[in-house]
2 protein chains.
Amino acid sequence: METNGKILVVDDEADILEFVSYNLKKEGYEVWTAMNGQEALPLAKKIKPDLILLDVMMPVMDGLETCKRIKADSDFAKTYVVFLTARAEEYSEIEGFNSGADDYIAKPIKPKLLISRLNAILRRKTKEIVSPSIKVKDLFIDRETFMIHRGEQKIQLARKEFELLFLLASKPGKVFTRDYILEKVWGEEVLVVDRTIDVHIRKIREKLGDEYIGTVKGVGYKFEV
Amino acid sequence: METNGKILVVDDEADILEFVSYNLKKEGYEVWTAMNGQEALPLAKKIKPDLILLDVMMPVMDGLETCKRIKADSDFAKTYVVFLTARAEEYSEIEGFNSGADDYIAKPIKPKLLISRLNAILRRKTKEIVSPSIKVKDLFIDRETFMIHRGEQKIQLARKEFELLFLLASKPGKVFTRDYILEKVWGEEVLVVDRTIDVHIRKIREKLGDEYIGTVKGVGYKFEV
DNA sequence: GCGAAGGTTAATAAAAAGTTAAATGCCTTA
DNA sequence: TAAGGCATTTAACTTTTTATTAACCTTCGC
């Protein structure tokens with residue numbers, strides 16, 4: 001089963017850890033726990049959680065300090081930090097946002113509320129990170145970096161090559177006509193000779209191998225499935 | 001003066017509208033108000049607010065209904081909806097998230113908390129995550145001092161150089177287009193020649209070495225991972 | 001085996017980025 | 001306030017990379 005996400009809960013009280021863990025696990029999250037910031041940081045490095053629930057008041061390394069360190073580390077650029085805080089600490093809440101936290105939840109923790117808040121935050125996250133990339137066969141075609149990953153191997157394509165491959169791979173198996181390819185990759189107004197597409201196809205095949213792009217004579221090209 | 005963002009406040013109580021408006025305006029937001037959902041929707045269409053503060057309990061069209069309509073409209077895909085709710089309505093809060101709201105704030109409203117919550121939400125939206133410093137590879141990029149630390153070595157960059165490196169390093173591996181770089185580092189209105197970016201890139205490479213910033217021809221620059 | 005569609009190659013054109021030096025403007029300091 | 005220094009920008013030029021074309025070759029169905 002695919003989980004909803006990974007959450008690291010950090011609090012010095014064992015009761016709370018257990019209570020929160022229980023409720024999160026019931027909702028389908030993978031949960032890890034730590035008793036303080038010092039313990040949490042290396043653990044977070046290892047598991048790369050989607051969200052960290054962080055008590056403000058803790059011995060050894062408190063929540064604010066931990067939060068600052070997390071936010072300074074590019075490994076955690078995509079990690080949300082949510083504070084757990086007692087009502088009395090309202091001022092700390094505001095401090096918390098200065099340290100870069102994304103939200104806070106007040107104690108005493110009410111399970112239903114906790115869950116709906118976390119769902120809302122994580123939903124926001126998945127919405128924000130638009131995945132401009134395609135995974136097909138053993139290829140990972142990454143629009144962010146304009147790279148093709150095949151296992152450990154990284155292959156750099158020129159722009160037109162990339163756009164062409166990206167188009168074909170966006171619907172594996174579908175045959176794209178030359179006209180359609182020209183319109184999408186080159187733009188409607190551009191006038192180029194037919195051989196131009198062939199040459200680009202060839203370059204891609206040269207770099208990736210022949211097994212990805214197939215020719216359908218008289219029709220066009222497709223990404224082989 | 002540039003404003004922090006546009007907020008539409010919807011509540012049936014004039015007192016609350018005034019109280020909230022006053023506090024938001026003081027913080028540099030542009031504020032509009034409406035007394036119910038029916039009034040709010042066409043207004044929202046017109047002003048395209050960044051965020052809508054919505055009372056749950058209202059006559060004519062209540063918050064939940066309004067929220068659902070907003071979230072169903074693609075014009076508001078980027079608009080955050082935050083509920084205002086009385087403590088007693090806890091169950092409604094959860095309902096609220098089902099209707100697609102992004103957050104909620106409990107009444108009675110405390111100005112400081114209100115502001116910091118909204119700031120946090122809008123910061124997430126506009127700037128993604130602002131961190132005062134970034135750690136990538138062997139570099140520590142420190143916003144406070146505009147210095148780059150590499151082990152014991154300290155390297156001073158000029159402001160534009162720093163901002164440029166900071167931007168690239170904020171998402172290692174991601175390719176940033178020249179247009180995007182211009183908008184973020186130089187500002188939207190500024191008109192500078194393309195070569196300007198190159199020259200700054202060159203300066204950074206001169207000071208740090210060539211291994212950090214990569215070129216993706218036809219696309220832009222990236223921080224190498 | 002013929003012809004059309006596509007493949008291949010190398011040459012050429014065009015685009016993008018790198019480089020350098022000089023001009024500009026701003027700030028500091030004597 | 002004039003001189004110097006530094007950051008920034010521009011222009012002119014070079015180099016590199018990518019895109020396109022033309023000419024020729026291969027394949028495949030009929």
Side-chain angles (χ1 to χ4, degrees), chain A residues 145-148 154-168 175-224, chain B residues 141 143 145-148 154-168 175-224:
Chain A
T145 60
F146 280 83
M147 282 274 194
I148 315 297
K154 289 179 186 174
I155 302 149
Q156 178 86 248
L157 297 188
R159 189 168 68 191
K160 279 264 163 39
E161 293 160 23
F162 185 92
E163 297 294 353
L164 179 46
L165 177 66
F166 194 88
L167 176 66
L168 296 180
V175 182
F176 292 82
T177 65
R178 291 183 134 71
D179 281 351
Y180 187 81
I181 292 172
L182 277 182
E183 190 190 315
K184 287 293 175 188
V185 178
W186 272 260
E188 302 187 53
E189 311 272 303
V190 181
L191 198 62
V192 284
V193 149
D194 254 24
R195 288 287 133 276
T196 303
I197 296 179
D198 302 17
V199 173
H200 281 93
I201 293 283
R202 201 192 151 272
K203 292 252 183 72
I204 297 171
R205 286 176 174 159
E206 215 164 59
K207 290 180 183 172
L208 296 181
D210 289 348
E211 66 268 37
Y212 298 103
I213 297 178
T215 305
V216 181
K217 268 214 167 191
V219 189
Y221 294 99
K222 66 172 174 177
F223 193 97
E224 297 284 4
Chain B
I141 304 172
R143 248 238 132 65
T145 59
F146 277 36
M147 282 272 196
I148 314 298
K154 289 178 186 176
I155 302 151
Q156 179 80 251
L157 295 189
R159 180 147 86 244
K160 279 266 159 45
E161 293 160 23
F162 184 91
E163 296 294 352
L164 180 45
L165 178 66
F166 193 88
L167 175 66
L168 296 181
V175 181
F176 292 82
T177 65
R178 291 186 137 72
D179 281 351
Y180 189 82
I181 291 172
L182 278 181
E183 189 190 315
K184 288 292 175 187
V185 177
W186 273 261
E188 301 187 57
E189 314 267 305
V190 181
L191 198 62
V192 285
V193 150
D194 255 22
R195 290 285 133 276
T196 303
I197 297 179
D198 302 20
V199 174
H200 282 90
I201 292 284
R202 197 182 156 279
K203 293 257 180 68
I204 297 171
R205 285 176 174 158
E206 218 163 58
K207 290 179 182 173
L208 296 181
D210 289 349
E211 65 268 37
Y212 298 102
I213 297 178
T215 304
V216 181
K217 270 220 168 193
V219 189
Y221 293 99
K222 65 175 171 177
F223 193 97
E224 295 284 4

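Chain letters run A, B, ... following the sequence lines, proteins first and then strands; every chain starts at 1. Hydrogens, waters and symmetry mates play no part in the numbers below; they use all other heavy atoms, side chains included.
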For DNA chain C, what residues of residues 201-210 of chain A have any heavy atom nearer than 4.0 Å? Arg202(A), Arg205(A)
Under 4.0 Å protein heavy-atom contact, by nucleotide of nucleotides 22-27 of chain C - B base, S sugar-phosphate only: ------
Quick note, Ala158(A) side chain, CB onward, closest among dT18(D), dG7(C), dG18(C) is dT18(D)
Under the rule for salt bridge (Lys or Arg N to Asp or Glu O under 4.0 Å), what residues qualify as partners of [X], not counting sequence neighbours?
X: Lys184(A); answer: none
X: Lys207(B); answer: Glu161(B)
X: Glu211(B); answer: none

Whole-Å distance separating the [atom1] atom of [X] from the [atom2] atom of [N]:
X: Ile181(A); N: dT20(D); atom1: CD1; atom2: P; value: 14 Å
X: Lys222(A); N: dG6(C); atom1: NZ; atom2: P; value: 14 Å
X: Leu157(B); N: dT8(D); atom1: CG; atom2: P; value: 10 Å
X: Glu161(A); N: dT20(D); atom1: CD; atom2: P; value: 11 Å
X: Phe146(A); N: dA17(C); atom1: CZ; atom2: P; value: 12 Å
X: His200(A); N: dA14(C); atom1: NE2; atom2: P; value: 15 Å
X: Ile213(B); N: dG18(C); atom1: CD1; atom2: P; value: 10 Å

Find out whether Ile201(B) and Leu168(B) are in side-chain contact, i.e. whether some heavy atom of one side chain is under 4.5 Å from a heavy atom of the other. yes
Does OP1 or OP2 of [N] have a side-chain N or O of [X] closer than 4.0 Å?
X: Tyr221(A); N: dG7(C); answer: yes
X: Trp186(A); N: dA19(D); answer: no
X: Arg178(B); N: dA17(C); answer: yes

Between N or O atoms, less than 3.5 Å apart, protein on one side and nucleotides 2-4 of chain C on the other: list the pairs.
none

Sequence neighbours excluded, which residues qualify as side-chain contact (heavy atoms from CB on, under 4.5 Å) partners of [X]?
X: Leu182(A); answer: Trp186(A), Val192(A), Ile197(A)
X: Glu183(A); answer: Glu188(A)
X: Val199(B); answer: Lys203(B)

Hey, what's the ring geometry for Phe166(B) with Phe162(B), parallel, tilted or perpendicular (30° and 60° as the breaks)? parallel
Contact class for Val185(A) vs. all strands (heavy atom < 4.0 Å): base, sugar-phosphate, or nothing? nothing
Pick base, sugar-phosphate or nothing for Phe162(A), based on heavy-atom distances below 4.0 Å to the nucleic acid. nothing
Could you pull out every donor-acceptor pair under 3.5 Å between side chains of residues 215-222 of chain A and any protein atom, sequence neighbours left out?
| unit_1 | atom_1 | unit_2 | atom_2 | d |
| --- | --- | --- | --- | --- |
| Thr215(A) | OG1 | Arg205(A) | NH2 | 2.8 |
| Tyr221(A) | OH | Arg178(A) | NH2 | 3.2 |
| Tyr221(A) | OH | Asp198(A) | OD1 | 3.3 |

Quick one, Glu206(B) with Arg202(B), criterion salt bridge (Lys or Arg N to Asp or Glu O under 4.0 Å). Give me CA distance, side-chain angles, the key distance, then yes/no. CA-CA 6 Å; Glu206(B) 218 163 58; Arg202(B) 197 182 156 279; 2.6 Å; yes
Please report the interatomic distance [atom1]([X]) to [atom2]([Y]), rounded to the nearest 0.5 Å.
X: Leu208(A); Y: Leu157(A); atom1: CG; atom2: CG; result: 5.5 Å
X: Phe176(B); Y: Ile213(B); atom1: CZ; atom2: CD1; result: 11.0 Å
X: Gln156(B); Y: Ile148(B); atom1: CD; atom2: CD1; result: 8.5 Å
X: Glu224(B); Y: Asp210(B); atom1: CD; atom2: CG; result: 10.5 Å

Between Thr215(A) and Thr215(B), which residue's closest nucleotide on DNA chain C lies nearer the 5′ terminus? Thr215(A)
Using the 3.5 Å cut-off, write out each protein N or O paired with an N or O of nucleotides 21-25 of chain D and the distance between them.
| unit_1 | atom_1 | unit_2 | atom_2 | d |
| --- | --- | --- | --- | --- |
| dT21(D) | OP2 | Val193(A) | N | 2.9 |
| dT21(D) | OP2 | Thr196(A) | OG1 | 3.1 |

